[in-house]
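Below, each value reflects all heavy atoms present in this structure, side chains not excepted, and no hydrogens, waters or symmetry copies.
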There are 2 protein chains.
Amino acid sequence: MYSEERKKIVLDYIQKYGKASVQELTEVLQVSEATVRRDLKDLEDAKLLKRTHGGALSLQNVNFEPTIGEKKVTHLKEKHAIAKKAVELIDEGETILLDAGTTTFELAKELKSFAKLTVVTNAINISHELLSHPGIEVLVVGGMLRKETLAMVGPVAEQSLGMIRVDKLFLAINGLDLEAGLTTPNLIEAATKRKMIKIAKQVFLLADHSKVGKVSQAKVADIVEVNQVILDNAVAEDTLNQLKTMGITVHLVHP
Amino acid sequence: MYSEERKKIVLDYIQKYGKASVQELTEVLQVSEATVRRDLKDLEDAKLLKRTHGGALSLQNVNFEPTIGEKKVTHLKEKHAIAKKAVELIDEGETILLDAGTTTFELAKELKSFAKLTVVTNAINISHELLSHPGIEVLVVGGMLRKETLAMVGPVAEQSLGMIRVDKLFLAINGLDLEAGLTTPNLIEAATKRKMIKIAKQVFLLADHSKVGKVSQAKVADIVEVNQVILDNAVAEDTLNQLKTMGITVHLVHP
DNA sequence: TCATATATAATCAAAAATAATCATATTAAA
DNA sequence: TTTAATATGATTATTTTTGATTATATATGA
């Protein structure tokens, strides 16, 4: 067996199990530990896996999940610009609904300047942030608290939302795909988002370019249910045109 | 398990709960404290979390904390003792309702030890605090957010409460008077408290001695609607006896 | 403020894994 | 076939990882 064949087997193994110990690989490949280590070193140099003491991990397993905290760090500029643009679309005295999400959280921080505004939100961090904005009345949507997204969701949330009508909804989303529509990883959260869309006169979608083309498990709605969308300028021209064709007003920000 | 895997688990844990103690992590990871601390140090160096005495916080959580203009809490010692006593009265697996208030906030902080508990609350700060308690499912009552008390109140709160039944309510109060009953300064908040009493099998009143004999504008309920009361020992003997005569179980704490 | 309880850092020892070295085997090319 | 180049495995030295121990630092309440 040639070394290239061996390396392919190593990669397949790690792809399958997520990780592999040097011991395991000596048995699978029937070679010495020294050889396994030499193979792993080559593969790491080629950026195909991550070595650890005792073996190796697939890159997927070390590339930490795109979590709230990190997303916020990585696309903060885009989100900030999107939030600033969103603020321009809000009028004094309106009632707005802010979905849970990092972009909407940025938006909440930008609301200080309003003298009179009613904000409805299902996000615990947004509720907390708005405590310090004197001119803003805050209506919190209740519900089961999801620790992953800080969103309140479920039947209680939906019933509370049913009691309200809002002028503008600012919706956050995980996946925005022209065919699959708006999607998010959690079914219950998706249902809550759907309810939000129902009670809003106008729906504004906030999405940075990393969301475009992404599809998650749970569908929230078709894109046509959105009235306006705010994106950053790293989105393909073609996508923008298709959105416009659907009758959606597209705002482009330049972070 | 390789160190890289461990670190990923630590990050996921902190992402989920906002924070983690060294103790918790030794159990989750099944390694020594020294190893946990070394992992935390590496992760802090990589700017993926913030270490504290006793554990670590997510970076998100660090930014989340400050803003709230907290008024000075009086009688903290009494409240702390009352909260500790209240915890003893809660059983694993129950559903409890925590009213907004400084004493109930102290109580929330003491709930770490429970492996399974459902907490319903109308307080924004309690909701936030409970994010970091892994075993606790949190159901937030929605409503208008009162910046004075951090309570969610009003029609939305009452309708949400109407969907729920709880085993035990821990009620905070401004005035506890034998004749005037339970009173609080805000009418709407009083109505919300009344609704809370309705949906609870058992009502526990938490009050330090400064509340006794006080009467506020809005009446919440008569004292007899309370099943048990926890007071500190600076309350007049006579008052205690009268409460007992009413059939109320009185717990006395010694701060 | 001080005392006490915790938590942390520093140090060390043991175990395990790795790198370095060298001898041997295999392959490719002349 | 011979020779050079490369790959492999065994051996040994070094490094890494971990947990235990002790000293230091930090919080918390009296």
Please report the distance, rounded to the nearest Å, between [atom1] in [X] and [atom2] in [N].
X	N	atom1	atom2	value
Lys7(A)	dT8(D)	NZ	C1'	13 Å
Lys109(B)	dT28(D)	NZ	P	10 Å
Asp45(B)	dA9(C)	CG	P	11 Å
Lys77(B)	dG29(D)	NZ	P	9 Å
Gln30(B)	dT17(D)	CD	C1'	18 Å
Lys79(B)	dG29(D)	NZ	P	16 Å
Leu29(A)	dG9(D)	CG	P	10 Å
Glu5(B)	dT17(D)	CD	P	14 Å

Let me test you: for the helix from dT1(C)-dA30(D) to dA30(C)-dT1(D), what is the angle between the axes at its two ends (five pairs each), rounded to 10 degrees?
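The two end axes of the helix from dT1(C)-dA30(D) to dA30(C)-dT1(D) meet at 40°.
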Quick one: does Glu137(B)'s side chain get under 4.5 Å of Lys116(B)'s, heavy atoms only?
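Glu137(B) vs Lys116(B): side chains apart.
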Under 4.5 Å between any side-chain heavy atoms of Val10(B) and Leu49(B), yes or no?
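Counting from C-beta outward, Val10(B) and Leu49(B) do come under 4.5 Å.
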Contacts of type side chain to side chain contact (heavy atoms under 4.5 Å, CB included), residue Lys109(B), not counting sequence neighbours
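Testing Lys109(B) for side chain to side chain contact (heavy atoms under 4.5 Å, CB included), a comparison that skips the adjacent residues, returns Phe105(B), Glu106(B), Glu129(B).
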What residues, two or more places apart in sequence or in another chain, satisfy side chain to side chain contact (heavy atoms under 4.5 Å, CB included) together with Arg146(A)?
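Per chain and number, Arg146(A) pairs via side chain to side chain contact (heavy atoms under 4.5 Å, CB included) with Glu148(A), Thr149(A), Val153(A), Asn186(A), Glu189(A).
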List for me each residue that meets ring-ring contact (aromatic ring centres under 6.0 Å, His included) alongside Phe114(B), sequence neighbours excluded, and say none if there are none.
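Here no residue qualifies.
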Scan side-chain atoms only and decide if Glu24(B) and Tyr13(B) contain a donor-acceptor pair under the 3.5 Å cut-off.
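Indeed, the side chains of Glu24(B) and Tyr13(B) share at least one donor-acceptor pair under 3.5 Å.
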Between Thr102(B) and Lys79(B), is there a side-chain donor-acceptor contact under 3.5 Å, judged purely by atom types and distance?
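Result is yes, a qualifying pair exists.
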Are there any protein N/O atoms within less than 3.5 Å of an N/O atom in nucleotides 18-22 of chain C, and if so, which ones and at what distance?
residue	atom	partner	partner atom	Å
dT18(C)	OP1	Thr52(A)	O	3.3
dT18(C)	OP1	Gly54(A)	N	2.7
dT18(C)	OP2	Arg37(A)	NE	2.6
dT18(C)	OP2	Arg37(A)	NH2	2.6
dT18(C)	O5'	Arg37(A)	NE	3.2
dA19(C)	OP2	Arg51(A)	NH2	3.4

Lys/Arg cation over aromatic Tyr2(B): Lys19(A), 6.0 Å, 45° cone
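Geometry flag: set, cation within 6.0 Å and 45°.
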Please determine whether a side-chain nitrogen or oxygen atom of Ser32(B) lies at a distance below 4.0 Å from atom OP1 or OP2 of dT18(D).
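No, Ser32(B) has no side-chain N/O under 4.0 Å of OP1/OP2 on dT18(D).
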So, is Arg6(A) close to the dT8(D) phosphate, meaning a side-chain N or O under 4.0 Å from OP1 or OP2?
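Yes, such a contact exists.
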Can you list every pair that meets ring pair (Phe, Tyr, Trp, His ring centres under 6.0 Å) and has a residue in residues 170-222 of chain B, with sequence neighbours left out?
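Of all non-adjacent pairs touching residues 170-222 of chain B, those that pass ring pair (Phe, Tyr, Trp, His ring centres under 6.0 Å) are His75(B)-His209(B), Phe170(B)-Phe204(B).
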